[in-house]
Amino acid sequence: MSSATRVRVFAPATLSNLGPGFDVLGLALGQPGDHVEAEWSDSPGVELVSVSGDDGRLPLEPDRNVVGIAARTALAHGGGSADPPGVRLWLEKGMPLGSGLGSSAASSVAGALAVSELRGSALDPDTLIACALEGERFVSGGVHADNVAPSVRGGIVLIRSYDPFEAISLPVPSRLRVAVVHPHTAIMTAEARRLVAEERFGIGQAVANLGQIGAMVTALHRDDLQLFGRAISDALVEPLRAPLVPGFDEVKRTAQAEGALGCSISGSGPSVFAFAASDDQADQLAGRMAERFREVAGLACDVHTGPVNTTGARRVSG
Ligand code: HSE
């Protein structure tokens, strides 16, 4: 594709961990997501012109905002000799910060993709992931690709290894539907990660999660939604983070009683997800889970339901 003067891109929100897969499993949602517009600039480097949808909470300094950091990393990958030296960016946040839905990852991916698209789709998916990970490193105090990789590629992604980096896209059962409930409270990823880093885990917990991850991958290859649901069980991280999400235990019990195919916390929370085998079941689950958050914790919620987004981040115009 030839280079462009101005582009608009979209990067989707993601569920991460998916129960047993701390830092190694993630999935792309259809909505919400972030948009970035970008145009070439004669001033070297990255200029972040505006950020909207963040209630004024994100900095405009490109070195302190993940979108600027990811775009700068993408620019440094080198372009054609005729390319201008810099870019101007406009970030439109389409999801709340600290939601557990990969907000920083979506902004990072959109920043890197916007630069790539200005250069005519110059960067391959793994390079986009690497650029976006620089944004994640800045905000979460560590590198985890379970939001960035599915946001770039779409679908369900397993991070087999961080060094060397290797991500594997897994089959997505066509009947699989997601129900996500975001209660209106925020959890900062860096703090929730500290909780995990400071814990000493037992071998029994590790054994439990290893079995579940193997089962999840098997379930996706077999198109076995029941096995997939049974494998959404986390002995490592969910017990530590559940107290951070007011009403989580009750909401999970409600989802299970409604026949959910598994239920857990997305990333560091507070969003909670469940899976279903139909659109109707996903809508019903999301409604009941949101109602329960209101009843037991007094929290209003946003809900998102639908199939897994198998496309990932994309250019929407320009
Ligand atoms: N895997 C990461 C965590 C995702 O659970 O900390 C953060 O969004």
Side-chain angles (χ1 to χ4, degrees), residues 11-29 32-34 58 66-67 69-70 93-110 129 132-153 156-163 165 167-168 170 178 180-183 185-199 201 205-206 209-210 212-213 216 232-245 248 252 262-273 302 304 309 313:
T14 42
L15 302 182
S16 52
N17 301 341
L18 303 189
F22 179 68
D23 281 2
V24 300
L25 277 171
L27 166 161
L29 298 172
D34 289 353
L58 293 175
V66 296
V67 75
I69 294 168
K93 290 297 303 170
M95 69 180 106
L97 316 181
S99 60
L101 296 177
S103 175
S104 57
S107 296
S108 301
V109 168
I129 291 170
L133 276 179
E134 292 308 309
E136 286 289 65
R137 188 192 305 278
F138 178 74
V139 278
S140 63
V143 169
H144 62 93
D146 50 337
N147 295 110
V148 157
S151 185
V152 168
R153 291 190 185 186
I156 304 175
V157 180
L158 169 76
I159 314 300
R160 184 198 69 81
S161 160
Y162 277 89
D163 187 16
F165 184 77
I168 299 168
L170 297 169
V178 191
V180 188
V181 179
H182 167 234
T185 173
I187 293 175
M188 286 305 127
T189 303
E191 283 160 39
R193 291 183 72 77
R194 207 168 303 124
L195 206 61
V196 177
E198 286 167 0
E199 181 73 9
F201 296 97
Q205 292 169 283
N209 276 40
L210 290 169
Q212 304 297 12
I213 293 196
M216 277 184 98
I232 296 176
S233 166
D234 176 17
L236 293 171
V237 174
E238 187 187 290
L240 288 175
R241 289 176 169 172
L244 303 180
V245 183
F248 172 71
K252 181 171 174 172
C263 172
S264 189
I265 300 169
S266 179
S268 50
S271 290
V272 173
F273 68 85
D302 303 320
H304 307 282
N309 169 352

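Residue numbers run from 1 in the order of the sequence given. Counting starts at 1 for both ligands and their atoms, following the listed order.
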Answer yes if the side chains of Ser151 and Thr14 hold a donor-acceptor pair under 3.5 Å, and no otherwise. no
Does the side chain of Ser104 come under 3.5 Å of the side chain of Glu136 through a donor N or O and an acceptor N or O? yes
Ligand 1 atoms in contact with [X] (distance to a heavy atom under 4.0 Å):
X	value
Asn17	1 (N), 2 (C), 3 (C), 5 (O)
Asp23	1 (N), 2 (C), 3 (C)
Phe22	3 (C), 5 (O), 6 (O)
Thr189	7 (C)

Is Glu134 paired with Arg137 through a side-chain N to carboxylate O contact shorter than 4.0 Å?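 Judged by the 4.0 Å cut-off on N to carboxylate O distance, Arg137 and Glu134 do form a salt bridge.
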Taking all atoms of both residues into account, what is the closest heavy-atom pair of Phe201 and Val196, and its distance?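 Nearest pair, atom of Phe201 first, then Val196: CE1-O, 3.6 Å.
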Grab the two heavy atoms, one from Ala167 and one from Arg153, that are nearest each other, plus how far apart they are. O-NH2, 3.0 Å
Of the side chain and backbone of Arg241, name the one, both, or neither that has a heavy atom under 4.0 Å from an atom of ligand 1. side chain
Honestly, for Asp146 the part within reach of ligand 1 (heavy atoms, under 4.0 Å) is side chain
For ligand 1, is Ser16 a contact, meaning one of its heavy atoms is under 4.0 Å away? yes
Which protein heavy atom lies closest to atom 8 (O) of ligand 1, and at what distance to 0.1 Å? Asn147 OD1, 3.1 Å
Selection from Arg194, Arg193, His144 by shortest heavy-atom distance to atom 3 (C) of ligand 1: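 Nearest option to atom 3 (C) of ligand 1, by heavy atoms: Arg193.
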Is any side-chain heavy atom of Asn17 closer than 4.5 Å to a side-chain heavy atom of Ile265? no
Donor-acceptor pair, Arg193 side chain versus Ser268 backbone, under 3.5 Å? no
